[in-house]
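Numbers restart at 1 for each chain; the letters A, B, ... are given by sequence-line order, proteins then strands.
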Protein chains: 2
Amino acid sequence: MFKERGYAATSMRHLANEVGIEAASLYNHISSKEEILQDICFDIAGQFVSNVDVLNSLSMPPHQKLLKAIELHVQVVVNNIDASAVFFHEWRFLDKENMREFVKMREKYEAAFYTIVKDGMQRGDFKKIQPKIYCQAMFSALNGIYLWYRPDGGSIDSNELGKTYGLMLLHGLKA
Amino acid sequence: MFKERGYAATSMRHLANEVGIEAASLYNHISSKEEILQDICFDIAGQFVSNVDVLNSLSMPPHQKLLKAIELHVQVVVNNIDASAVFFHEWRFLDKENMREFVKMREKYEAAFYTIVKDGMQRGDFKKIQPKIYCQAMFSALNGIYLWYRPDGGSIDSNELGKTYGLMLLHGLKA
DNA sequence: CCTACCGATCGGTAGG
DNA sequence: CCTACCGATCGGTAGG
């Protein structure tokens, strides 16, 4: 419901109605509306950050490492289509302290990508595009998967999706 | 304010306070809160759709046409950083009738890109990636510009930005 | 452009 | 898990 209506426009009464109880009864399960948002945001943030450890344990040339990073990222989004939409857009409603921690996790994750990209550029494996432009374009492309991909649709396999994003981002559309 | 707080979480009193008048006085200028959202969404939608006419008037090979389409898209986002953020995320709060028209305009715009991409694939100029995956990734990458680009920052020129997106999307990162 | 106000709804609590 | 309720705030209107 946070994905569909947005966090601010989803009331405790909406949530309660969906579960089939009264709004007041929700407070036997959670302590506040924001706690639900926290749970969602930090669940996804944790999955992304744990990918960083996987990547750091690999010794590969940059282009293979970037492909692996892309595939791992796609899997997180595809496995959490609704939660990742909330993660991407509703985190700004976290309170000050949680937002600070959230942003720190995101920065750690993004830094891992910047490192791979810059490393590849130094070695001459990659074009010398401005890393910020490339990385932000890449994140946006990957994060946008929740907008259109439906895992149960069946027509596109999620592993194939990861490979295709890797192909597009490394080699582009031109034949 | 709709960009920063979201439409639902921005009240008429917030808006009025920003302008320095009472909430009730806003209704001498607008007829409803949603009207402001309409104005923003359809302003941007109009700019995008008018790009389609420009593209249709060009006779170029697909890869040049796609580059032109990308550059035009980037200019709309860059010239309307705040409004395009609202356009991308808050349109779901439009009422039923406006949303229907809005979606129709978006579909018309997206169809122009699909046509170029499919045409290029048939001619063998482009890789045979699934058009939906490629186009959605492209839209997400381009639309995400509002998240990080600041036109007044000065360090990245908007024309250069359009060219760089074209390079990335057509040729990828690999050297 | 204002004051004064409408009914509806908000997140959350008290008490059982 | 409920009923009953709190003060705050919502979009919007009446009337000047």
Would you check if [X] and [Y] make a side-chain contact, meaning some heavy-atom pair closer than 4.5 Å?
{"X": "B:L55", "Y": "B:L72", "answer": "yes"}
{"X": "A:D53", "Y": "A:S57", "answer": "no"}
{"X": "B:Q75", "Y": "B:S158", "answer": "yes"}
{"X": "A:Y149", "Y": "A:V77", "answer": "no"}
{"X": "B:L15", "Y": "B:I36", "answer": "yes"}

Legend entry - NZ or CZ of B:K33 within 45° of B:Y7 ring axis and under 6.0 Å: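 Relative to the ring axis of B:Y7, which defines the angle, B:K33 lies inside both limits.
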
Can you give each donor-acceptor pair under 3.5 Å made by side-chain atoms of residues 17-25 of chain A, sequence neighbours left out, with the distance rounded to 0.1 Å?
none

Inset, instruction - Would you please name every residue forming a side-chain hydrogen bond (donor to acceptor under 3.5 Å, both in side chains) with A:H89, sequence neighbours left out? - result: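 Checked A:H89 against side-chain hydrogen bond (donor to acceptor under 3.5 Å, both in side chains); matches are A:Y146.
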
Legend entry - DNA chain D stem ranges, 3 or more consecutive Watson-Crick or G-U pairs under 3.5 angstrom: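 So the stems come out as C:1-16 with D:1-16.
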
Legend entry - Closest approach of A:M138 to A:L66 (non-hydrogen atoms, all atoms of both residues):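 In terms of heavy atoms, the two residues are closest at SD-CD1, 4.0 Å.
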
Legend entry - Range on DNA chain C touched by chain B - first to last nucleotide, heavy-atom distance under 4.0 Å: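 Under 4.0 Å from chain B, the extent on DNA chain C is C:dC1 to C:dA4.
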
Legend entry - Mutual orientation of the aromatic rings belonging to B:H73 and B:F139 [parallel < 30°, tilted 30-60°, perpendicular > 60°]: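 Tilted.
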
Legend entry - Residue-level proximity of residues 17-33 of chain A to DNA chain C when a heavy atom falls under 4.0 Å: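 Only A:A24, A:Y27, A:S32, A:K33 qualify.
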
Legend entry - Option passing ring pair (Phe, Tyr, Trp, His ring centres under 6.0 Å) with A:F87 (candidates A:F2, A:F48, A:Y109):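 Passing option: A:F48.
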
Legend entry - Carboxylate-amine/guanidinium proximity below 4.0 Å for A:R123 and A:D125: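 A salt bridge is present here (some side-chain N lies under 4.0 Å from a carboxylate O).
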
Legend entry - Members of residues 86-101 of chain B that approach DNA chain D, where some heavy atom sits under 4.0 Å away: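 None, since no heavy atom is under 4.0 Å.
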
